[in-house]
Structures are given as C-alpha cells and as structure tokens.
Amino acid sequence: MGSHHGRLSIRKDPFGTTPEGDEVDVYTFSNGRVTISMLTWGATIQRVETPDRRGKTKNISLGFDNLPDYAALSPYFGSTIGRYGNRIAKGRFTLDGQNYQIPINNGENALHGGTIGFDKKVWKATVVQTDEIVGVTFGYLSPDGDMGFPGELTTKVTYTLDRDDTLRIDYHATVAGKPTVVNLTNHVYFNLAGEGSGSIDGHVLQLNAPSYTPVDAGLIPTGEIAPVAGTPFDFGKPTAIGKRIRDDHPQLVIGRGYDHNFVLGGDVDDDGLRFAARFWEPEDGRTVTVHTSEPGAQFYSGNFLDGTFQGIGDKSYRQGDAFAFETQHFPDSPNHPNFPSTVLRPGQTYTSTTTYTFGTK
Ligand code: GLA
C-alpha cells in the first residue's frame, strides 16, 4: 500500500474513572484508513481498525469497551508494559551488590513489572500532530522503589501513526538516584481476521530469528541460546502458526504452544531498526509487519486465554484466538550475564523503537 492523502485526525473522549477517582481518557487517531484508540489507563492500545483486502474495516486488536474489565480481567491487552517486560525469576535480582525483590505475580516469578505494573497506571497524555504523523505521548513517573525497582524512572512512550499505515512506538526512559533495570514493551494482541473471530492457527508467520531462549517449567529462560533450525520454532520460511503447534516438542509442552523469546537475526539498519516478523491472515489478507531496535521478541500464541470472559465484541476469547509479539530484551536478563544488559544508570538514556505496519496481501 502506497502513501495516501487521507486526513490525519485525533480526538479525545472520556473512558471512565478509576476506583481512586482518576479520570481515564481514550484518544482515537486516524489517517483516514487505519484508526487506533488508546487509553490513558496503561497507555493501552484499545482498538486497531484496518481494512482487509476488499476494503472491509475491522478491529483486529483484543480489548474491552469499559475500564472495570481492563482493571479486573485484562491479560495485558494492548498494555504498555514496565518496568520489566516478561519474567524475572522469583522476582529477584542483584545490581551493584544490592538485592532487589519484585512482587511475585506469576507462579513463583514476577511477570511484566510485578503486581501493579505500568499497565495499571494512569498515564499523562500529550497529543503529537504534524503534517506526517498523528498520535500521543504518554508519560509516567515511577518513584524509587515502585514495585521494588530501584531509582526514580521517568518514562515517555510515543505512539504515532503515519500516512503509510505504520504505527510507531518510541520508548524513552531515564533514571535518577540509583541504577536500575528496564525492559519496556507493548502487549497488543492481534487477530488479523478481526478480534473475536476464532483461532489464529491459520495465520502465516515469517520470523527473522535464527535462535530462541528455551525455558524451564516456570517459563524462565534456562540461559541457553538454541538454534531454531529443524524445530517447530523455525519460521524462517513463512509457515502457518498452527502447523506445528501440536508437535511433540518439550518447549511447546511447557509453553502450551508458543510463549518464547526469539533472538532476532542480523543487525539493525541505518534507521536503527531490523525486520522482526510478518504475520499474514490468508482469508481476509491483512498483514502486520514488525520492525524493532530490540534484540528479541516474545512470540505468544494466546495460550492462556480460556474463554472465561468476553471482549469488546461480546465474544469469548479462547486459547489461540490471538497472538502477541512483544519486542524486548530477553526475559530474566538481570539474572543472565550472557544476555544483552537491561541495566540503566543515572545519566544514561534508555530508548527503544518498534513499528507495526498494517497492510494486505
Ligand atoms: C507474556 C507471557 C505469557 C503470558 C502473557 C500474558 O506473553 O510470556 O506467558 O503471561 O504475557 O498473559
């Protein structure tokens, strides 16, 4: 799809009030073809509406139409995740000889920043609009000791849509007072045939990842960087997600499907990004292509969705009804010196960029 000249627009509407009395807004921004709604609650992607091959527009992102469901039920639908995406073993790590404990919220481990992560905070929103892009910068100040993490972290995440149907996410953070660890991501769940439309088994995935990080029974990386060649984890050639998801492979048993960090291949381009993945839904033809500055990505095939609640379109979400592709540094990096470092020190700046380009094929 080439560049087009639709009108860039953005509007703000009230979405609800938290039990603490904080007002939550929804920002809806569009380029005339792709329309994205985001909440100040969790800097959350609530809706992503894109046309299919025939021009029929649907919401392809899982979510809810009300704030109480986000607060009570959401498995991170569309959330901005912090301070640490994915798991930290037993919630513990040591930095410069100091021990830190993050609250446990996933088996015996800490997941996505602990019990009250960035996904459950109300962020401050500022509209971003130029001739080329439209979107929102979300800001959140995390105090020293928030969820056990050291240092005061100032976080800004900018979500912008351009005229070529690319949603760009720019993460930025600095720490004051103490060194810390940071690993920010977004947990949008897609079903390219429309949210609530059933299984993503037929979606075709191409993944630029020569290796992945196998996990133990608690989904903590063992530390090994394993080649994907010859395994159901090799998506070098475009392959249906469901083709091998029921194969007899110990890692698929542990994950109940795909729930693994992939180590992305090659170097970043001049723009600081590398091709990470392309997802394609052959019936309606929608594609989403992901580029990132990050060294890894968690490919999660929606294994823990269990049909116990309904989403925005009043349909239950069951196992495998969506995928997430969370660009990131590797899980549990603070406890694996052989993984790329997630340490951020006062005076340094954390930056990370991921783009999702929507199209059809
Ligand atoms: C990540 C994890 C999964 C699951 C989801 C949220 O993708 O790796 O195991 O916890 O978040 O439900």
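Read the numbers this way: they start at 1 and go in the same order the structure lists the ligands and their atoms. Excluded from the calculations below are hydrogen atoms, water molecules and symmetry mates; all remaining heavy atoms, backbone and side chain alike, are included.
Ligand 1 places these atoms under 4.0 Å from at least one heavy atom of E326: 1 (C), 7 (O). The ligand atoms of ligand 1 that sit less than 4.0 angstrom from a heavy atom of H112 are 1 (C), 11 (O). Every atom of ligand 1 is numbered from 1 in the order shown, and the set under 4.0 Å from a heavy atom of L111 is 10 (O). Interface atoms of ligand 1 facing Y76, defined by a heavy-atom separation under 4.0 Å, are 6 (C). Interface atoms of ligand 1 facing D259, defined by a heavy-atom separation under 4.0 Å, are 2 (C), 3 (C), 7 (O), 8 (O), 9 (O).
Of the protein's non-hydrogen atoms, the one nearest atom 5 (C) of ligand 1 is H187 NE2, 3.4 Å.
Summarising the local packing, CG of D13 is surrounded by more than 12 heavy atoms from other residues, nucleotides or ligands at distances under 6.0 Å. Within a 6.0 Å sphere centred on CZ of R244, heavy atoms belonging to other residues, nucleotides or ligands number more than 12.
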### Query
Does the pair F279 and F190 meet the rule for a ring pair (Phe, Tyr, Trp, His ring centres under 6.0 Å), with working shown?
CA-CA 10 Å; F279 295 85; F190 289 119; 8.1 Å; no
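At a 4.0 Å heavy-atom cut-off, ligand 1 does not touch N106 at all.
The closest approach between any non-hydrogen atom of Y189 and ligand 1 is below 4.0 Å.
Among D165, D162, D164, the single residue meeting the salt bridge (Lys or Arg N to Asp or Glu O under 4.0 Å) criterion with R33 is D165.
Not one N or O on the side chain of E283 forms a donor-acceptor pair closer than 3.5 Å with the backbone of A193.
Taking the ring centroids of F233 and Y258, they lie under the 6.0 Å cut-off.
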